[in-house]
Amino acid sequence: MSDGTMESALEKGYEPHEVEKKWYEFWETEGLFAAQETSDRPGYAIVIPPPNVTGVLHMGHALNNTMQDVLCRYRRSRGDNVLWMPGTDHAGIATQNVVEKKLAAEGTNREALGRDKFIEAVWQWREKYGSAIINQLKRLGASCDWNRERFTMDEGLSRAVRKVFVELYEAGLIYRGQYIINWCPRCNTALSDLEVEHEETAGRLYHIRYPLIDGSGYLVVATTRPETMLGDTAVAVNPEDERYGSMTAGQVELPLTGRRIPVIRDNYVDMSFGTGALKVTPAHDPNDFEICGRHHLDIVRVIGNDGKMTDDAGPGYAGLDRYDCRRKVVADLEAKGLLEKIDEHNHSVGHCYRCKDVVEPNLSKQWFVKVKPLAQEAIAAVEDGRTRILPETWTKTYFEWMYNIRDWCISRQIWWGHQIPAWTCGGCEEVVVAMEAPVVCPACGGKELVQETDVLDTWFSSALWPFSTMGWPDEAALLKTFYPTSVLVTGFDILFFWVARMMMMGLYFMKDVPFKEVYVHALVRDEYGKKMSKSKGNVIDPLEVIEKYGTDAFRFTLAAFAAMGRDIKLSEARVEGYRHFINKLWNAARFALMHIQTHQEPIDRDRISLPDRWILSRLSRVTTQTAEAIDSYRFNDAAGALYKFVWHEFCDWYLEAAKPALNGKNGDGPQQATRTVLWRIFHDTLILLHPFIPFVTEELWHKLPGTDGSIMKAAFPEGADTGAEVVVDPEAETQMTLLVDIITAIRNIRGEMNIAPSLALNATIQSAHEDIRSSITANGDLISNLARLGTLTVNPPGERQKSAATALFEGGTIYVSLAGVIDFSQEAKRLEKELDKVAKDLETTAKKLENRDFMDKAPEHVIEKVRASYDVLREKQQKLSHNLERIKSLQEN
RNA sequence: GGGCGGGUAGCUCAGUUGGGAGAGCAUCGGCCUUACAAGCCGAGGGUCACAGGUUCAAGCCCUGUUCCGCCUACCA
């Protein structure tokens, strides 16, 4: 390209929006996200944690999917056949609530519609809005294999659900029974234990007198929920409790009801709590239910599924709301003088994780999964390393939960979901569990078979996700190629809901773990944002951030802060900071492309300069670092290493150092050699950066001469493995460090002494080492350029310079002539400061060397290091004090 | 009640076998130096929560204290 065209080729600043749109469409049309069903390349698979169809992209999704995308794009560059399986979750309760709200706004409700019409309405809703989150993932740059997108209610996945249900039922691992479950009166359904959120609440402890029937007094019980007393069927005390040892009456009168209930003895009762007497309400408390089982008590259900008191609550209470009833019971007891006292009492109250209403423990007939046997396998698989959980700290949590796991209530009394494949015969009440609706009852031949109306817990179908999405129960090619998947990337909030259950189901039905690794990342908590930014209390919407700063800046920010096992607190200012980085890269490209207008290869290592050798060496190191960091999920390390390399090594030092050569000031040979290096660095750096910032790298890739097609097809630079072009060069690094130190020291003098940057300085460098002198001489132009020197003289140590500021570097002394600009007091101050620092360091170093224990016990290389630094410091100190004296004497003149 | 994580610069946080305390942002000073003022050059700033212990040596290992956050639980 001839001059002038470059300006039009690259805008002055990076504008993300059109670029992002253009390349995402390009990737999709080119089919670059597609996995091969079979391939001789190694398979690498990730299944996406399916977002709810009702969802909108929040910070948690953004982080989670950025990480997965980094991994997938990186593995593709390493040559793997990558499958990133996308999809969405039907999210039973959540979606039903959303659609019900919509119906309410339209003046109707699901009962009015009926089940079939309602489900149809949900599907319609899903058609219309269900792809919102998918489109948002695309804006994030997610390179999922969209042609394989799945939905938990797809026919294929539904078939997998039925198959699993039937098999578990036949194996005796699914059963149905009357138990205390968590009931949400708002959502009108049972919930699993996990779906209940406990919250510490300030409540009251009511002490109620239950009159003994022999008239000898009262038994005082304490409760936080007085309304449940209407359903009491016993009072329990601990058999060891001496307070009640001599009690003769075997019964008490249950106030307000006129019923008589027994006093029983049970070890469960904690003597130290309250009065040591426990009212037993089997229908509304899980512990009481168990006690009831042991003592064969009656069960009286006084609270209905709607949260209102049942007829069994008795006249005056039946039909009341549970909280109104509480007030009335308290008032009535008070009136009868049976309320002894009310204490303040903190206890935790369960809330529905969907609607936040207070959950009611209630007696109900539900379906359960017997999870203990499944959990055993899931524990073993992590113990023996078939699945590795990272960071390791979560392993313990996983075990803890698995060991204490309780049966899983899987039936939900809602309409949206997988209807339980169980039918009851109207004739003989036989229960038939089958994949498809039976035509006749196998027991009596009756034809009146009614299907169970309940649907399954949403998490039941998500538990099958890693294999149901790949075509199970058919023998699909995908399963062969990609199961077990390579890694699951997820937040710890769904470790139990989802990960643990996938482990159990995967092991049971696939006879193998669903994933070899689980990477548990930090959480940007709370979709309402409160915990995202404690101090400011505001939400940050990822889409707004993308709109404002571009996807790449946002992604890079997330990666840069994704340190293992720590929450991310995100602020806009931080994204803005990384947008600067994207722009820096962009501008570096503008510059580089001015000088590499055609494909530049190969590198002639005999003709390249020191900075060329140095940056190639640094590239080699950062390549290794990036690979190692991504391989071990240290995204922040990878991002940090790349940031430092691009900005502070490539831009700050290499490009500045290379300018003279590139501008042709040093003749044609160096110019051409440097162009080849510049090309190589840029080429490889784009590939390294691509997983993190896919859009800008793709854009620049197409501007770089000599590249073909998408950067997504480019191979990860393998460093020394692939040839001689990229290798670590320690000698170049040492020499470059020397030059950088010298230049920085001179700049420091300029800055500290307020010498205008435009003023060229004259400097003399003295060193006793010949190799250092020759190295400096050989790169004199470089130093002069970057430190803005007029003249540079290099000598062995000799006469001290007059009227000069001094600086020390490892290996010699720099004198910067201050003729004309001298400010002696300024220089004296600077030297004193420096001297102070050296004196302090020297003191601690000396102390170590005088310490006999240290000298005796520390390893040799540590002692050597300390000795060497002592010598250096000592020499520094001497030189500095001499110079200080000289400056002071000059100052006096 | 049980468990886990955290307390490092003004802010947000790195710190991988124990061996000279770091980054980004913010602050201060100087620069419109021909890729970039979304930039360049330089500077200041920390009793690594507190108290003990192990060690020649502790931000890092051990014990205790304290503050914050989270997970979990069948304390009526």
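In what follows, chains are A, B, ... by sequence order, proteins preceding strands, each numbered from 1. Quick note: numbers below take in every heavy atom, side chains included, and nothing from hydrogens, waters or symmetry partners.
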Please give the distance between the [atom1] atoms of [N] and [M] as a whole number of Å.
{"N": "B/C67", "M": "B/C50", "atom1": "P", "result": "15 Å"}
{"N": "B/C41", "M": "B/C36", "atom1": "C1'", "result": "15 Å"}
{"N": "B/G46", "M": "B/G7", "atom1": "C1'", "result": "14 Å"}
{"N": "B/A26", "M": "B/A9", "atom1": "C1'", "result": "11 Å"}
{"N": "B/U63", "M": "B/G5", "atom1": "P", "result": "12 Å"}
{"N": "B/C61", "M": "B/C75", "atom1": "P", "result": "35 Å"}
{"N": "B/C40", "M": "B/C4", "atom1": "P", "result": "46 Å"}
{"N": "B/A58", "M": "B/U17", "atom1": "C1'", "result": "15 Å"}

Determine the contact category for [X]: base if any of its heavy atoms lies under 4.0 Å from a base atom, sugar-phosphate if only primed atoms, P, OP1 or OP2 are that close, otherwise nothing.
{"X": "A/His648", "answer": "sugar-phosphate"}
{"X": "A/Tyr268", "answer": "base"}
{"X": "A/Glu656", "answer": "base"}
{"X": "A/Gly276", "answer": "base"}
{"X": "A/Asp288", "answer": "nothing"}
{"X": "A/Asp270", "answer": "base"}
{"X": "A/Lys396", "answer": "sugar-phosphate"}
{"X": "A/His284", "answer": "nothing"}

Side-chain N,O ([X]) to OP1/OP2 ([N]) below 4.0 Å:
{"X": "A/Lys659", "N": "B/A35", "result": "yes"}
{"X": "A/Trp647", "N": "B/C40", "result": "yes"}
{"X": "A/His580", "N": "B/A37", "result": "no"}
{"X": "A/Lys584", "N": "B/C40", "result": "yes"}

> Contacts to RNA chain B from residues 741-751 of chain A, heavy-atom cutoff under 4.0 Å, which residues?
Replying inline: A/Thr744, A/Arg747, A/Asn748
>> Please give me every residue in residues 855-873 of chain A whose heavy atoms get under 4.0 Å of an atom in RNA chain B, ordered by residue number.
In response: A/Lys857, A/Ala858, A/Pro859, A/Val862, A/Ser869
Partner nucleotide of [N] by Watson-Crick or wobble geometry (both distances under 3.5 Å):
{"N": "B/A73", "value": "none"}
{"N": "B/C56", "value": "B/G19"}
{"N": "B/U34", "value": "none"}

> Is it true that A/Glu832 and A/Lys829 make a salt bridge, defined as a side-chain N closer than 4.0 Å to a carboxylate O?
Replying inline: no
> So, are A/Glu843 and A/Lys840 salt-bridged, with charged N and O less than 4.0 Å apart?
Replying inline: no
Name the orientation class of the two ring planes belonging to [X] and [Y] (parallel below 30°, tilted from 30 to 60°, perpendicular beyond 60°).
{"X": "A/Trp647", "Y": "A/Phe581", "value": "parallel"}
{"X": "A/Phe645", "Y": "A/Phe650", "value": "parallel"}
{"X": "A/Tyr353", "Y": "A/Phe497", "value": "parallel"}
{"X": "A/Phe556", "Y": "A/Phe692", "value": "perpendicular"}

> Among A/Arg326, A/Arg204, A/His347, A/Lys279, which residue meets the side chain to side chain contact (heavy atoms under 4.5 Å, CB included) test with A/Arg225?
Replying inline: A/Arg326
>> What's the closest nucleotide to the side chain of A/His345 if the choices are B/A76, B/U72, B/A43?
In response: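 Looking only at side-chain atoms, A/His345 lies closest to B/A76.
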>> Let me spell it out: for each of A/Asp853 and A/Lys837, pick the nucleotide of RNA chain B with the closest heavy atom. Which residue's pick is nearer the 5' end?
In response: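 Going by which nucleotide is closer to the 5' end, it is A/Lys837.
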> Have A/Tyr179 and A/Asp407 got a donor and an acceptor in their side chains that come within less than 3.5 Å?
Replying inline: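 No, A/Asp407 and A/Tyr179 have no side-chain donor paired with an acceptor closer than 3.5 Å.
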> Are A/Thr395 and A/Glu392 linked by a side-chain donor-acceptor pair shorter than 3.5 Å?
Replying inline: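 There is no such pair between these side chains.
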>> Given 3.5 Å as the limit, does a donor-acceptor pair link the side chain of A/Arg675 with the main chain of A/His595, or not?
In response: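 The answer is yes, because a donor-acceptor pair under 3.5 Å joins these two groups.
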>> Main chain of A/Val866, side chain of A/Ser869: is a donor-acceptor contact present, judged purely on distance under 3.5 Å?
In response: yes
>> At less than 3.5 Å, do the side-chain atoms of A/Glu400 and the base atoms of B/A73 form a donor-acceptor pair?
In response: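 Such a pair does not exist between side chain and base.
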